[in-house]
Amino acid sequence: MSLWKRISSHADCEARMAAYYDEKGLFDLRLCLAAWIEDRIMSEQITPNSAEQLERVALKFNEDLQQKLLSTRTASDQALKYRVVELCTQIQRTSALELYTHLRGGLQKELQLATEKSVATPGPSMPLSPYNMNNPAAAMVAAGGGVGVGGGYMDSSELMSVQPALGGGLGVIHNAVGANGGGNVTPIGMATAKVELYEIEHQILQYFNDFSTCGNSLKMLVQNYSYMLNSTGSPNAEEAFKCLMTEKAAIVTTLCRSYLCYEPLQELIISELNNWRRQQALAGNGAPFNESTLDQIQRCFELLESFIGHLLAAVKETLRVHIVNDEPELNNLLERVRSAQKNLVCAAFIVDKQPPQVMKTNTRFAASVRWLIGSQLGIHNNPPTIECIIMSENQANRFVTRGTQMDSTLAGQSSGEIQNCSSTMEYQQNNHIFSASFRNMQLKKIKRAEKKGTESVMDEKFALFFYATTTVNDYQIRVWTLSLPVVVIVHGNQEPQSWATITWDNAFADIVREPFMITDRVTWAQLSVALNTKFGSSTQRALTRDNLDFLYEKLQRDERSDYITWNQFCKEPLPDRPFTFWEWFFAIMKLTKDHLMGMWKASCIMGFINKVKAQDDLMRSATGIGTFLLRFSDSELGGVTIAYVNEYGSVTMLSPWTARDFQILNLADRIRDLNMLRWLHPSDTNAVPQDRDRAFGEFYSPRTGTNEPTPGYVRSTLHVQVRNTIGDNGSIIGTPQHPIPSPPQDSSMSMGNFDDSDSDDSSVADALERYVAGTSPDDPIFHQIRATIMSAMISGEFAMADFESMTNFVDVYKL
């Protein structure tokens, strides 16, 4: 039940708040968008603590409000359209700051009124709000505190010193503002009103027990009614009739009160289930997820089902006491109870194990559904068979929003062909889980919709639709549920963009929505959380503040906005690049996961830093020449490069290495081979540079030269060497080269010319030719050179170009 619905159930509260909102002409707006205003303001992560920040938040709220109103204008209700137009005109007359602060203040007043009524009125006539309002007003109200200094409403200056008390009811606070002087005070925007499931369970039991007391009264009513029917000629018949009327009226009042107690609890539990499903979606991006909470939610569903089942039976029994011809109140109650039971049973049918959200055709996958009613309705004695089809976005939208009825032709509406798409539900007595598992499904074919504009198959969302038909209390019900959105691909190269679609949807979609409506822009604060969650879960180390600042700059480019659009995220190429931000980010994430995870977790890789800042940081380093860092390439997808201070005191950038290179030789071994790399520049500004071998030693591979070679073969090894040639831009050009040891020195052979020679591909052979020119073939020097060359060839210490040039040298001089 929304906060405004609770307020409007009390005439005095509604009048008081109506007068407050009418001061600014905002009462109609509060009525029209009650739920949206509550969700939008109560879910804010940061409470403004300065005039500038408050104005910025107010402008964002005003912009979102106008968008919401514009989207509402598409409704089919003409009266609503005209009303929305009037509201748009009204908010344009009110400054953004004035509008926002007045609405926010109104919600705080409503929360306090709700608390006052819940305390003053016996029973649960106005349960506390289940929303997580991220400000101390909600914390204070839910904790039972509500009045500020002097008995008035508390303002933001007073809220900092609130000491939340753990009161009864549903509103116990956790992680609330700390006590005065008791350690660090939690920032205003982080106080959270949270409802614990065990408290809801306790509340259900309490109300159920209160309702059960009318059981004896109902039995007495039925007995007295039967007695009256059998003694119509009694002189006391009229008096008995009046007593019977009084008894029945009292029972009807009790039943109505019990239903009023029950209704908000059912809404609250369904809301908790939706929160669980929201966490399940976030887990698709790698967020932590406590699946076991579902067992607690099921316990509450079972208690509610028992409650509503007994209430339904009591209403039916009361109706059998037929005293007057027309009983609209009782008949209306019967319909409401039946509808509530049906809604509860249908809401309890969920997907507890989601299918893969990027689904490749002809690949096996699994999923499972669960019915949270356990054994309450006896359905487990004759378990239904669950069927599964795949629906396109348009099909799901038509089904959900237009209320399309399920029938025997539903299977023919599938957008694809799924093998092994049916499963019978099973009940596990030990843990009361009633579920159906699909362990071996496979999507064989998919039917795609026509594309619009620049849409691709990786933007198209589908969902698995699970459904069944069963009988409950002599009437047939059909239950169904949709999986999270999935993107269907046929080739691995479609995977990156598909994950962009899924990541955006998981992070920013509402669970209760028209399939699969999603915003096309979000704030950087929202997107940074999603990127950090995705990257951290994949690579096992979260991004730092500097990493996120770098990503923000990359997304914003030359623009400056508080919002990031879907097109910026994954559609528009980065400046001067043939790829998008997401393609670049996804390639880095995959490279790190597959080849660099250990070094990334150990903070050996700085990663997200641009070339200019890398150069600046290295030039400022106290360790100077030989200091290096590792950064992700801006120009090559899935590339990592090394920047280091060279022997001249300037910064050199190596050409990027990619996954293909690391399949040959890993990054740590490449670093070990480059002797000019001495000190690893720290990724943390508070740390000091580390010796190279200390930083990367645990990631080095053991040298294989000491192992015995396979009989008939000689062993070769790969080493990395950087060429001396430096391009105009300071980056190393050409391919890596591997060193060759100098021939052994002796008194009869001076190698000065050899050591001074250039080390390009044919330099060694050229130097030797110059050295032996004019020398007799019988000279002993040739035997020494031959021994050195053969040793180097056997140990594999030549690059390919060196190997070929030296082979030619040997052939020419008959070595």
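Values below: every heavy atom of this structure, side chains too, minus hydrogens, waters and symmetry copies. One-based numbering along the sequence shown.
In this structure, Gln280 contributes its side chain and Asp352 its backbone to a donor-acceptor pair below 3.5 Å. A donor-acceptor pair under 3.5 Å is formed between the side chain of Asn431 and the backbone N or O of Ile433. Side-chain atoms of Arg40 do not come within 3.5 Å of backbone N or O of Ile37 as any donor-acceptor pair. Without hydrogens or angle criteria, Ser8 side chain to Trp4 main chain gives a donor-acceptor distance under 3.5 Å. Distance alone, capped at 3.5 Å, is enough to place a donor-acceptor pair between the His310 side chain and the Ser306 backbone. When atom types are taken as modelled, the side chain of Ser212 and the backbone of Phe208 share a donor-acceptor pair closer than 3.5 angstrom. A donor-acceptor pair under 3.5 Å is absent between the side-chain atoms of Gln203 and the main chain of Leu265, judged by distance alone. Remark: side-chain polar atoms of Asn332 are not paired, donor with acceptor, to backbone N or O of Pro328 under 3.5 angstrom.
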Evaluate side-chain contact (heavy atoms from CB on, under 4.5 Å) for Leu377 paired with Phe434, printing each intermediate quantity in order.
CA-CA 12 Å; Leu377 296 175; Phe434 191 33; over 6 Å; no
Step by step, would you call Leu311 with Ile308 a side-chain contact (heavy atoms from CB on, under 4.5 Å)?
CA-CA 5 Å; Leu311 185 58; Ile308 198 69; 4.1 Å; yes
I would like to know whether Tyr262 and Phe211 meet side-chain contact (heavy atoms from CB on, under 4.5 Å); could you show each step before the answer?
CA-CA 10 Å; Tyr262 169 88; Phe211 158 73; over 6 Å; no
Is there a side-chain contact (heavy atoms from CB on, under 4.5 Å) between Glu426 and Ser435 once you walk through the steps?
CA-CA 6 Å; Glu426 299 176 353; Ser435 63; 5.7 Å; no
Stepwise salt bridge (charged side-chain N to carboxylate O under 4.0 Å, His left out) test for Arg6 and Glu14:
CA-CA 9 Å; Arg6 293 184 177 89; Glu14 184 177 22; over 6 Å; no
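Side chain to side chain, Glu302 and Gln298 meet the donor-acceptor criterion of an N or O pair below 3.5 Å. In the model, Asn343 has no side-chain atom that pairs as donor or acceptor with a side-chain atom of Gln266 under 3.5 Å. In this model, a donor atom of one side chain and an acceptor atom of the other lie less than 3.5 Å apart for Asn274 and Arg277.
The aromatic ring centres of Phe438 and Phe466 sit less than 6.0 Å apart.
A salt bridge does not link Arg16 with Glu110: every distance from a Lys NZ or Arg NE/NH1/NH2 to an Asp or Glu carboxylate oxygen is 4.0 Å or more. A salt bridge links Glu327 and Lys248; the closest N-O separation between the charged side-chain nitrogens and carboxylate oxygens is under 4.0 Å. The pair Asp295-Arg370 counts as a salt bridge, with a side-chain nitrogen and a carboxylate oxygen less than 4.0 angstrom apart. Of the charged side-chain nitrogens involved, at least one lies within less than 4.0 Å of a carboxylate oxygen, so that Glu291 and Lys353 count as a salt-bridged pair.
We find the CG-CG distance between Leu260 and Leu333 to be 8.5 Å, quoted to the nearest 0.5 Å. The distance from the CG atom of Leu3 to the CG atom of Asp39 is 11.0 Å, given to the nearest 0.5 Å.
Using bins of under 30°, 30° to 60° and over 60° for the plane-to-plane angle, the ring pair His432/Tyr427 lands in the tilted bin. Ring geometry, His102 versus Tyr21: the interplanar angle exceeds 60°, so the pair is classed perpendicular (tilted spans 30 to 60°).
Closest non-hydrogen pair, Ser483 versus Gln354, comes out as CB-OE1, 3.4 Å.
Across Thr471, Val479, Ile373, a single residue satisfies side chain to side chain contact (heavy atoms under 4.5 Å, CB included) together with Ile379, and that is Ile373.
Put simply, the side chain of Leu464 does not reach to within 4.5 Å of the side chain of Val351, judged on heavy atoms. At least one side-chain heavy atom of Arg338 sits under 4.5 Å from a side-chain heavy atom of Leu334.
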